[in-house]
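Written below as structure tokens is the structure these notes are about.
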Amino acid sequence: MEKKYNPKSFEDKLYREWEESGCFKAVRDDKKVPFTVMMPPPNITGQLHMGHAMDETLQDTIVRFKRMQGYCTLWLPGTDHASIATELKIVEDMKKEGLTKADVGREGFLERAWKWKEKYAGRICDQLRKLGSSCDWSRLTFTMDEKCSKAVREVFVNLYKKGLIYRGDRIINWCPCCKTALSDAEVEYAEESGNFWHIKYFVEGENFFLEVATTRPETLFGDTAVAVNPKDKRYKHLIGKNVILPVVNKLIPIVGDEHADMEFGTGVVKITPAHDPNDFEVGLRHNLPVVRIMNDDGTMNEGAGKYCGLDRYECRKQLVKDLEESGLLVKVQPHTHNVGHCYRCGSTVEPIVSKQWFVKMEPLARPAIDAVMDKKVTFVPERFAKTYYNWMENVKDWCISRQLWWGHRIPVWYCEDCGKEICEKQDPAVCPECGSSKLKQDEDVLDTWFSSALWPFSTLGYPDDTPDLEYFYPTDVLVTGYDIIFFWVARMIFSGLEHMRKVPFRDVLMHGLVRDEKGRKMSKSLGNGVDPLDVIDKYGADSLRFSLLQGVAPGNDTRYSDAKVEACSNFMNKIWNASRFVIGNAEGRKVKPLSEVKLCAADKWIISKLQSVIRDVTLTLNKFELGVACQILYDFTWSDFCDWYIELSKPALYGEDEGKKDAALSVLTFVLENTLKLLHPFVPFITDEIYRELPGASGTIMLKDYPRYNSRLTYKKDAQAFEGVMDIIKAVRAAKTELGCPPSKKVSLLILTESKRLISANRESILKLAGAKDITFINDGAEAGEKSVAKVLHIGTVFIPMGELVDIDKERERLSSELEKVTDEIRRADGKLNNQGFMSKAPKKLIDDERAKLDKYIAMREKILEQLKSL
RNA sequence: GGGGGCAUAGCUCAGUUGGUCAGAGCGCUUGCUUGACAUGCAAGAGGUCACAGGUUCAAGUCCCGUUGUUCCCACCA
């Protein structure tokens, strides 16, 4: 083994080997239980960020764990075409060449898009490899692959025929920059400071006016009424009359509608059905005309008269000026309000009436809610179910058409002769109505999330009845960030139920965001993003992985910090060196199996510790508590195995007794091998690299059985007794430090104890680890003499003659404080045991433990008192 | 307006069926070339687990309230 832990020297090599030998491949096996995870397909917009790294690491860890446990694991990788996001990128890219979409045309554009896909999807897959992702590359899927497109077509047509997809004029969110409709989920709201412009709307034939407050004065051209509350005494007599629309000088009616809030503003609200969702509803109730006054690019249309062609904000500016000049502006009030922005480009979205395709949500939402209620799908942590219900219960119809080119084209054709709308699984050649061959396909594409929603089954071959689908669906766990519950998780659930009649996954493990060191979101604009590849380059993938898991609780955000990765890298180094120690010592010797050696107390102690680690790690992993599992392994490896057991094994290893040497070596090897296996799902590279060096090991660790708890290896009594030996070592070390005794100076130990055999058996270990030169058993504390320090322990009292270093007063002080501590413990235990309620209600084991503790402490108190007396 | 999260050592955070639960990493103090590792070893200092109640034999751990902070959803023109 190399002297230094150097991840670069083996990570890529190992990954290639795994991949080439087919370790990641999921081969259906009816004798095995399947375990399926669908990778949330990263967008092909660029490269992976820290959030992805965490997402993939979580999945990989779970998948590797299950694979080692003997499941037939499928982790299916893929990438997402990310319709709008990618299209934006490509448009940006073309701009550099001075080209626009119009210049290259639909065909030309798609050609570029596919080239883009080849480049970026490939790059993303390489990054996934760097992270160590053990996904089945043979099943790599792209959301616009043939099979996904087929699924999309199937689903669209089915929903269409069921009447769950319809086309209509509705208010949708329009991004004037991307020039497409957006779904509600794709709009992000942000507080912005704006104004309330109070405008005079004169009542027809009167010389008074209604004061109307608006935040978007330019929409005035689309006003087709003003509304007042029918209960509003100030205005209700005016209902039915008309007002004169300022500037336009058109008459529009005053309607009575509950929508007008008497308490808010002036109580009069202008109604612009074409440009406001609420107004649209009002318009429907009062049968008002819908007048669109804006173009797709955010400029004003002919409806705006002389302002036609102006950008919406320029129009606002000029209109306000004109209103002011003509005395129609009452006042301007500063006002902060929430403004919707496109989640891709950040432009302010405009609510606009437009003819779009929608999925009717109500019939789909109900079963999806029930599935979670009935625990067919479980959110981890549970609280996210609430978020899900909240959204599902209030969800509006889903706008799925996008005025883009990159994506699944809507499979609807229109007959140019008779106007017939055709939606079939096969492309129509002629109109079934009139036989005309002049058919034109809908120009729009589908929302990216429409295909993502089908991911758990489209990847497995739906709508065909494939063996994969039969075997691997429903999937087991979906791992993703809480930020896409609405976009994706919810939509997969109702889609799975609707099209497969089964939920798409049983558990949803949510994780939070990876923030920067200061707790800020990582973002391009802040420039605070950390590239996972840079980190891997510097520290290795294992260190990055471990740092992303350690101390992270499900659903919680976490902070990335170099310091943390460094700490993890130190841990890797620790594993490396401990292994080097074990392997080095095994060199040239035959390592015997555990059953053929005589185990000493320390051996039994570490072996039973290992058993409890196996039990706890398995338990926590099954509950998706990866952060806790990491901690357990970290502590065990570093503290128990390295700091204690390896040190304890040295006397035997360097001694003359071949039997002891054999035992130590076989225990070291046994524990190391198991530890590596336990760690492998978290840190796959280093564990496999070391595993291959292990005496007797062959093949890759990733296909070995995960350690199983073995109750025959718990040695409970011996292990517990051995902790008494460790107490002695700790006490002597502490005493030496307290008295300023140099560590190199060996001390003598006089021990008053009833556990002479145990201590004798571990004499060498105590001498070495405590820095002592000899041990003498005594029968009376007086034998130790005055110039010694007494450490009263459960196992007995240890006297350390320190000569002139001993200060009697300080020693008395120290013992007194120990006495106080012990007395406190006695008081506490005594109190509990005398508590009627505790005695009658607490579990028996607890009472017994408490009683045993009390006895121990009472004995200790006696010894301390004795010792104090003798000073 | 509605719903969450968080508040534990100087800093970043674990602590999931209430019972050694007061922890880890980093930082800090002291001392160590202890035959795997100074990416290390040993010994320490440091917290009334936000505040105020309640349930319980027993509460960082469950319930109610308060304060601070943060996120999501809805949205009044």
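Lettering of chains follows the sequences in order, A, B, ..., and the numbering in each one begins at 1.
Among the nucleotides rC76(B), rC72(B), rC37(B), the one closest to the side chain of Phe486(A) is rC72(B). The side chain of Asn577(A) sits closest to rA36(B) out of rC76(B), rA36(B), rG19(B). Of the candidate nucleotides rA77(B), rG3(B), rU12(B), rU12(B) has the atom lying nearest to any side-chain atom of Arg559(A). The side chain of Tyr189(A) has rC75(B) as its nearest neighbour among rC57(B), rC75(B), rC41(B). Of the candidates rC57(B), rC37(B), rA43(B), rA43(B) carries the atom nearest the Ala734(A) side chain, counting heavy atoms from C-beta on. Of the candidates rA77(B), rA42(B), rA74(B), the closest approach to any side-chain atom of Asp643(A) belongs to rA42(B). In the set rU16(B), rG4(B), rC75(B), the nucleotide with an atom closest to the side chain of Val628(A) is rU16(B).
Judged by Watson-Crick or G-U wobble contacts below 3.5 Å, the nucleotide rG68(B) has rC6(B) as its partner. Pair assignment for rU34(B) gives none, since no Watson-Crick or G-U wobble pairing has each distance under 3.5 Å. Judged by Watson-Crick or G-U wobble contacts below 3.5 Å, the nucleotide rA58(B) has no partner. Pairing of rG1(B), defined by two Watson-Crick or G-U wobble distances under 3.5 Å, is identified with rC73(B). Nucleotide rG44(B) forms a Watson-Crick or G-U wobble pair with rC28(B), both donor-acceptor distances falling under 3.5 Å.
Comparing Lys832(A) and Glu625(A), the nucleotide of RNA chain B nearest to each residue sits closer to the 5' end for Glu625(A). Between Tyr634(A) and Glu647(A), the residue anchored nearer the 5' end of RNA chain B, judged by the nucleotide with its closest heavy atom, is Tyr634(A).
rC76(B) and rA24(B) are spaced 50 Å apart, taking the C1' atom of each and rounding to whole Å. Of the C1' atoms belonging to rG54(B) and rC64(B), the separation is 7 Å, rounded to the nearest Å. Rounded to the nearest Å, the gap between the C1' atom of rG68(B) and that of rA22(B) is 24 Å.
Taking 3.5 Å as the limit, the base of rC75(B) and the side chain of Asn338(A) contain a donor-acceptor pair of atoms between them.
A glycosidic torsion no more than 90° from 0 defines the syn conformation; rG25(B) lies beyond that range and is anti.
Taking the six-membered ring wherever Trp is involved, the centroid distance between the rings of His794(A) and Tyr857(A) falls below 6.0 Å. Aromatic pair Phe487(A)/Tyr343(A): ring centres closer than 6.0 Å.
Taking the ring centre of Phe641(A) as origin, the terminal cationic atom of Lys574(A) falls outside the region bounded by 6.0 Å and 45° from the ring axis.
For the pair Arg827(A) and Asp830(A), the salt-bridge criterion is not met [side-chain N within less than 4.0 Å of a carboxylate O].
Here Tyr654(A) counts as stacked on rG35(B): its ring centre is under 5.5 angstrom from the base ring centre and the planes meet at under 30°.
Here the CG-CD distance, from Leu668(A) to Glu673(A), works out to 13.0 Å after rounding to the nearest 0.5 Å.
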